[in-house]
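Since the structure comes first, as structure tokens, the remarks are kept for the end.
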Amino acid sequence: MPTDRFYHLPKEKKKLIKEAAIKEFCRVPIEKASINKIVQNAEISRGSFYTYFYDKEDILEYIFEDVIIQIQSFCKQVLIEEKGEFWALPPKLLDYTLQVCETNKMFSLVQSTTGNRIIGALLDGKPSFGSCCSLKMTRKPKNDSQVLILPDVDFGSGGIGVWVKELYQLTDCSKLKVESFEDFQAVFSLCVMNMMSAIGGIYQKGEDEKEAKRLFAKRLELIKYGGAINDS
């Protein structure tokens, strides 16, 4: 992970370095990425790069962790703003996750063996949506296709439990109608699985985003009410 020196840089400088790395990692496979091009686009010296990061895998890990932290913080922020109304979170989380992952080119960065290995290790050992799996998702754009690997969800151990417990404490469970933290974990896991299914619909099946979100909303109603709903 970055050194303390990197974290003490001005916000805009950190952003410039991060964007330069993302640009290079999207240009070529991470294994072939050039640190020289990263430092050139970031307007820093090669020597400075090595005072901030150990190597290019180190900066890739930072990019992944930064996205995870953004998503986790967003969830807590929504629950605070919505005064604990849990059902306001899932649709906002889907929109935000799509936005932040697209902005950071996450679906491109996790394609390579290196990217998959790094995010797998990161998600397996730090607060996150869970541990990595071999879920391969192929986006179907007009002119090309991409093989994507997205994280599965594991709420059983590690930092994920701490994070979900924070969400539980921020939730008005009288409206959610759960009787324990275990119940909350189950409901939240279903909602995250629903979100991943929607993302899979877009990036694996090539579904229209509007249609994927419609199906997401329908499944969310089933999770919320536990019964059949009108498909109209």
Side-chain angles (χ1 to χ4, degrees), residues 1-75 77 95-151 158-160 163 199 202-203:
M1 293 305 294
T3 63
D4 288 341
R5 184 170 182 179
F6 174 79
Y7 285 114
H8 282 93
L9 289 174
K11 182 178 179 180
E12 287 304 313
K13 191 65 177 179
K14 288 188 288 187
K15 181 180 178 183
L16 183 62
I17 295 171
K18 176 182 172 182
E19 290 176 347
I22 291 173
K23 180 179 179 180
E24 177 62 10
F25 293 150
C26 290
R27 185 183 71 86
V28 295
I30 294 162
E31 295 79 6
K32 297 181 180 180
S34 166
I35 289 179
N36 285 335
K37 288 190 178 295
I38 293 174
V39 301
Q40 180 180 357
N41 290 329
E43 301 177 1
I44 60 174
S45 68
R46 189 179 178 92
S48 293
F49 178 90
Y50 285 109
T51 66
Y52 304 145
F53 303 96
Y54 180 75
D55 54 19
K56 59 189 177 184
E57 292 187 11
D58 202 22
I59 191 170
L60 180 60
E61 182 178 346
Y62 164 71
I63 293 168
F64 287 151
E65 184 178 58
D66 186 54
V67 168
I68 292 167
I69 290 172
Q70 287 182 59
I71 292 172
Q72 291 178 326
S73 298
F74 177 79
C75 289
Q77 177 186 341
D95 288 342
Y96 184 78
T97 300
L98 286 170
Q99 174 192 325
V100 74
C101 287
E102 185 65 29
T103 299
N104 291 276
K105 307 300 180 185
M106 289 291 289
F107 300 119
S108 295
L109 298 184
V110 298
Q111 289 183 71
S112 70
T113 300
T114 301
N116 183 38
R117 173 176 56 78
I118 290 175
I119 197 169
L122 180 65
L123 294 178
D124 196 41
K126 298 182 180 180
S128 66
F129 281 143
S131 57
C132 194
C133 72
S134 58
L135 175 61
K136 295 184 178 181
M137 312 187 82
T138 305
R139 188 172 190 176
K140 298 180 179 178
K142 293 181 179 179
N143 301 319
D144 199 4
S145 63
Q146 294 178 315
V147 176
L148 308 171
I149 304 171
L150 295 179
I160 183 67
W163 173 57
I199 293 174
I202 297 169
Y203 285 91

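Since we're looking at a predicted model, the values are computed, not measured.
Rounding to the nearest 0.5 Å places CG of L60 at 12.0 Å from CD of E65. T51 OG1 to R5 CZ: the interatomic distance, rounded to the nearest 0.5 Å, is 4.0 Å. Annotation: the span from E57 atom CD to F25 atom CZ amounts to 8.5 Å, rounded to 0.5 Å. Distance CD/E61 to CG/D55: 9.5 Å, rounded to 0.5 Å.
Among all heavy-atom pairs drawn from A21 and I59, the shortest one is CB-CD1, 3.5 Å. Closest non-hydrogen pair, V39 versus N36, comes out as CG2-O, 3.1 Å. Considering every non-hydrogen atom in both E31 and K56, the closest pair reads O-NZ, 3.1 Å.
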- Please assess I68 against Q72 for the test side chain to side chain contact (heavy atoms under 4.5 Å, CB included), listing each intermediate value before the final yes or no. CA-CA 6 Å; I68 292 167; Q72 291 178 326; 3.9 Å; yes
- Query: Taking it one step at a time, do L9 and I17 satisfy side chain to side chain contact (heavy atoms under 4.5 Å, CB included)?
  - Reply: CA-CA 10 Å; L9 289 174; I17 295 171; 3.8 Å; yes
- Pair K23-K37, side chain to side chain contact (heavy atoms under 4.5 Å, CB included): steps then yes or no: CA-CA 9 Å; K23 180 179 179 180; K37 288 190 178 295; over 6 Å; no
- Q70 and D66: side-chain hydrogen bond (donor to acceptor under 3.5 Å, both in side chains), yes or no, with the steps? CA-CA 6 Å; Q70 287 182 59; D66 186 54; 3.0 Å; yes
- Task: Evaluate the criterion side chain to side chain contact (heavy atoms under 4.5 Å, CB included) for residue pair I44 and I38; output intermediate values, then yes/no.
- Result: CA-CA 9 Å; I44 60 174; I38 293 174; over 6 Å; no
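In K13, the NZ atom is crowded: over 12 heavy atoms of neighbouring residues, nucleotides or ligands sit closer than 6.0 Å. The environment of OH in Y54 is sparse: at most 12 heavy-atom neighbours from other residues, nucleotides or ligands sit within 6.0 Å.
Using modelled atom types, one side-chain atom of N104 and one backbone atom of V100 make a donor-acceptor pair closer than 3.5 Å. Remark: side-chain polar atoms of E24 are not paired, donor with acceptor, to backbone N or O of A33 under 3.5 angstrom.
Looking at heavy atoms from C-beta onward, K18 lies in side-chain contact with I22 at the 4.5 angstrom threshold. Using a 4.5 Å heavy-atom threshold, the side chains of L98 and I202 count as touching. Within the 4.5 Å cutoff, no side-chain heavy atoms of Y96 are placed close to those of C75.
Residues satisfying the ring-ring contact (aromatic ring centres under 6.0 Å, His included) test with F53, not counting sequence neighbours, are F6, F49.
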